[in-house]
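The structure appears right after this line, and notes come after that.
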Amino acid sequence: MQAVRGMNDVLPEQIGGWQLLERVTRELFAAYGFEEMRVPLVENTALFKRAIGEFTDIVEKEMYTFTDSGGDSLTLRPEGTAGVVRAAITNGLLRGARLKLWTSGPMFRHERPQKGRYRQFHQIDVEAIGFAGPDVDAELIAMTARLWRQLGITRVKLKLNSLGTSQSRRAYREKLVAYFRQHESVLDADSRRRLEGNPLRILDSKNPEMQAVVSAAPLLTDHLDPESREHFDALCAMLAASGIDYVLDPRLVRGLDYYSRTVFEWVTDALGAQDAICSGGRYDGLINQLGGDATPAIGFAMGVERVVELISQAGMPLTQPPPDVYVITSGERAQRNTLALVEKIRDELPQVRLHVNLGGGNFKAQFRRADKSGAPLALILGDGEFERGVAALKPLRQETGQSECPLSELTARIPAILKDLAGLSHAG
RNA sequence: GUGGACGUAGCUCAGCUGGUAGAGUCCCGGAUUGUGAUUCCGGCUGUCGCGGGUUCGAGUCCCGUCGUCCACCCCA
């Protein structure tokens, strides 16, 4: 028995980073006025083909596609934007509205797994729909920059580019194809194949033998239409004014066809080859292409596994806090009465983390578990204590002696004792 | 999808040129039958990833397969 390749279990010892990221993003997005929505993990295959593009790697070879018993071709979502846009259209959310949305969950791509790249992975998606100007672009990027600060992540860099409108991109693309055809003898097999489907990707090639041809190729940046140029310059100015560093990367091309104008990518040098942790861009043409009224939009996706890895590298304390009180019992009568007593304490003190020793064990073993739990205080209930109507309280993290407390006063006294112990341990 | 490294106890790992598996840790019990560390004593856990082949004999050699990791490709 093993998990399906590329699909991982997230164990309790790792969950802290996930919960921190979830908590911080939830609060941050709310502060910027974004609302959560949830969409299905499965959509009609045609949606992804139309949105992402027939000739992208994702659609060509990475989708988990199957035919259901009704004969429909369905696909496990490989990315989040298509589903959100489809939901906005089919639920009538677009009528002149300005939407600020986020969603999160698993995505599926059939790739060869390696560190930071899995077949089931998780993304947090943010989409701003109905905003045309560069101000949203800047706000989204500023929000992500703030997120890294809040998470203590420092080894990141922002790469920025503009792809222009689909019209200007088409014109540039023809120029580029013409250029590469002139140098076709130098191109490797991958690049020759891309000449037809997605020539912009050739610019991304890491093949050293092609570097000369690639770096001499015409640049997208030099072929932007005037409006896109203006949009991009305004964005850069806003980022600079906000103190957000960026690197212009004229070769930054995204792998999905729907992007236009602004594209950006946060990269890190801390994760090996999988260096993109958060990236996105404008998709002004997508909504119309999917049957909605023409609506400008921009969004980004963050790779949860990758960001969580950076969080744990940053050394944030991520473990669940230890219990406040560990309850030890001894004897038949004590064991019969402990649950009811502890439940009563919980009624009065719901915020106190109380761990009752379960599964028996002799006194020594129970104390060992109490010690290992990290609890500052042990509550000891034996038959003798119950007969006298008291409980013994023993501090576990310092040498203070053991004391007794009438059962009726426990809920009144426990908070004060815990406060004392916390104060002492901070002082010490 | 391509290339490479690796896969032995829950965990970290040892196991020489083939002779039927070991250490530390963890966990449990005892020394101390109502008190945690340390110490000492005792105990538990293995289809040596899986399948096949060579051999009298395979953890060890060969082939296949699955998985992990690294790089390419691509991407979050």
Side-chain angles (χ1 to χ4, degrees), chain A residues 1-8 11 13 21 52 56-62 77-81 104-126 144 156 188-191 193-194 198 201-202 204-208 252-256 264-268 271-281 299-310 326 328-331 334 357 359-385 392-399 401-402:
Chain A
M1 283 286 275
Q2 49 194 11
V4 174
R5 177 169 216 202
M7 309 211 175
N8 302 115
L11 303 178
E13 63 182 25
L21 179 58
I52 299 168
T56 57
D57 279 19
I58 292 177
V59 170
E60 275 182 347
K61 50 194 191 196
E62 295 176 0
R77 62 182 185 192
E79 61 97 50
T81 300
S104 70
M107 307 293 163
F108 302 86
R109 294 183 199 172
H110 191 96
E111 299 182 272
R112 182 94 167 246
Q114 64 188 75
K115 194 172 196 65
R117 195 178 72 182
Y118 309 106
R119 290 185 173 179
Q120 175 177 323
F121 61 101
H122 296 75
Q123 289 186 334
I124 297 175
D125 275 282
V126 175
T144 51
V156 289
D188 57 25
D190 271 345
S191 298
R193 187 173 48 80
R194 287 188 197 126
N198 196 348
R201 293 232 63 98
I202 300 175
D204 252 357
S205 173
K206 288 168 196 161
N207 186 341
L252 178 62
V253 182
R254 316 283 11 281
L256 292 71
F264 66 94
E265 185 166 282
W266 286 96
V267 295
T268 176
L271 294 180
Q274 267 54 58
D275 63 351
I277 60 163
C278 172
S279 64
F300 66 79
M302 194 186 312
V304 173
E305 284 84 353
R306 294 179 185 179
V307 175
V308 166
E309 176 63 28
L310 291 183
Y326 194 97
I328 289 172
T329 65
S330 169
N357 183 77
N362 62 27
F363 233 68
K364 186 187 177 73
Q366 293 194 49
F367 263 95
R368 206 184 305 128
R369 290 178 205 142
D371 187 46
K372 287 192 73 165
S373 78
L377 184 66
L379 177 66
I380 304 158
L381 294 164
D383 286 350
E385 279 81 7
L393 292 164
K394 177 167 182 180
L396 294 170
R397 306 258 84 84
Q398 46 237 289
E399 297 308 315
Q402 185 169 320

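Everything quoted here is computed from the prediction, not taken from an experiment. Convention: sequence-line order gives letters A, B, ...; per-chain numbering from 1.
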TODO: Can you spot which of A:Val267, A:Thr268, A:Thr144 makes a side chain to side chain contact (heavy atoms under 4.5 Å, CB included) with A:Ile277?
DONE: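 By the side chain to side chain contact (heavy atoms under 4.5 Å, CB included) criterion, A:Ile277 pairs with just one of A:Val267, A:Thr268, A:Thr144: A:Thr268.
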TODO: Could you give me the stems involving RNA chain B, meaning stretches of three or more consecutive Watson-Crick or G-U wobble pairs whose two defining distances are both below 3.5 Å?
DONE: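 Stem segments, range with range: B:1-7 with B:66-72, B:10-13 with B:22-25, B:27-31 with B:39-43, B:49-53 with B:61-65.
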If we take the [atom1] atom in both [N] and [M], what is their distance in whole Å?
N      : M      : atom1 : value
B:rU68 : B:rA23 : P     : 32 Å
B:rC16 : B:rC11 : P     : 22 Å
B:rA9  : B:rC48 : C1'   : 10 Å
B:rC72 : B:rU12 : P     : 27 Å
B:rA37 : B:rG49 : P     : 36 Å
B:rG4  : B:rU65 : P     : 13 Å
B:rU60 : B:rG15 : P     : 15 Å
B:rC26 : B:rC41 : P     : 16 Å

Touch class at under 4.0 angstrom, heavy-atom based, for [X] against every strand present:
X        : value
A:Gly331 : nothing
A:Ala365 : sugar-phosphate
A:Arg369 : sugar-phosphate
A:Gly280 : nothing

For [X] and [N], give me the distance from atom [atom1] to atom [atom2], rounded to whole Å.
X        : N      : atom1 : atom2 : answer
A:Tyr118 : B:rU68 : OH    : C1'   : 10 Å
A:Glu13  : B:rC11 : CD    : C1'   : 10 Å
A:Arg119 : B:rG67 : CZ    : C1'   : 11 Å
A:Glu309 : B:rC69 : CD    : P     : 11 Å
A:Asp275 : B:rC73 : CG    : C1'   : 14 Å
A:Met7   : B:rG67 : CE    : P     : 11 Å
A:Lys115 : B:rC72 : NZ    : P     : 15 Å
A:His110 : B:rG1  : NE2   : P     : 6 Å

Open item on the list: Quick one, A:Trp266 with A:Met302, criterion side chain to side chain contact (heavy atoms under 4.5 Å, CB included). Give me CA distance, side-chain angles, the key distance, then yes/no.
Closed with: CA-CA 9 Å; A:Trp266 286 96; A:Met302 194 186 312; over 6 Å; no
Smallest separation among heavy atoms of [X] and [Y], with atom names:
X        : Y        : result
A:Ala375 : A:Arg397 : O-NH1, 2.8 Å
A:Ile52  : A:Pro78  : CD1-CG, 3.8 Å
A:Asp125 : A:Gly80  : OD2-CA, 3.6 Å
A:Pro113 : A:Gly6   : CG-CA, 3.9 Å

Under 3.5 Å, side chain of [X] to main-chain N/O of [Y], donor-acceptor pair present?
X        : Y        : answer
A:Arg119 : A:Met7   : no
A:Glu305 : A:His122 : yes
A:Arg109 : A:Ile58  : no

- [ ] Give the intermediate values and the outcome of side chain to side chain contact (heavy atoms under 4.5 Å, CB included) for residues A:Leu379 and A:Leu393.
- [x] CA-CA 5 Å; A:Leu379 177 66; A:Leu393 292 164; 3.3 Å; yes
Task: Nucleic acid footprint by protein, nucleotides 33-47 of chain B - heavy-atom cut-off 4.0 Å, B for base, S for sugar-phosphate alone - done: -BBBS----------
TODO: Scan nucleotides 3-8 of chain B nucleotide by nucleotide, 5' to 3', and note B when protein non-hydrogen atoms come under 4.0 Å of the base, S if they reach only the sugar-phosphate, - if neither.
DONE: BB----
Task: Test item: A:Lys61 and A:Glu111 side chains (from C-beta on) under 4.5 Å apart, heavy atoms - done: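 Result no, sub-4.5 Å side-chain heavy-atom pair not found.
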Open item on the list: Between A:Asp371 and A:Gln366, does the side chain to side chain contact (heavy atoms under 4.5 Å, CB included) criterion hold? Intermediate values first, please.
Closed with: CA-CA 9 Å; A:Asp371 187 46; A:Gln366 293 194 49; over 6 Å; no
Open item on the list: Is there a side-chain contact between A:Arg5 and the phosphate of B:rC69, meaning an N or O under 4.0 Å from OP1 or OP2?
Closed with: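 Checking B:rC69 against A:Arg5, no side-chain N or O comes under 4.0 Å of OP1 or OP2.
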- [ ] Ignoring backbone atoms, test whether A:Asn362 places a side-chain nitrogen or oxygen under 4.0 Å from the OP1 or OP2 oxygen of B:rG30.
- [x]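 Yes, such a contact exists.
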- [ ] Answer with yes or no whether A:Arg117 presents, from its side chain, a donor or acceptor under 3.5 Å of a partner atom in the base of B:rC73.
- [x]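 Answer is yes: a donor-acceptor pair is held.
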Open item on the list: Pair A:Ile328, A:Lys394 - check side chain to side chain contact (heavy atoms under 4.5 Å, CB included), show working.
Closed with: CA-CA 11 Å; A:Ile328 289 172; A:Lys394 177 167 182 180; over 6 Å; no
TODO: Rounded to the nearest 0.5 Å, what's the gap from CZ on A:Arg368 to CG on A:Asn357? Could you check?
DONE: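 Those atoms lie 11.5 Å apart.
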- [ ] Specify the residue among A:Gln114 and A:Gly303 whose closest nucleotide of RNA chain B lies further upstream toward the 5′ end.
- [x]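 With A:Gln114 and A:Gly303 compared, the 5'-side residue is A:Gln114.
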Task: Contact nearer the 5' end of RNA chain B, comparing A:Pro113 with A:Ser279 - done: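 Looking at RNA chain B, the more 5' nearest nucleotide goes with A:Pro113.
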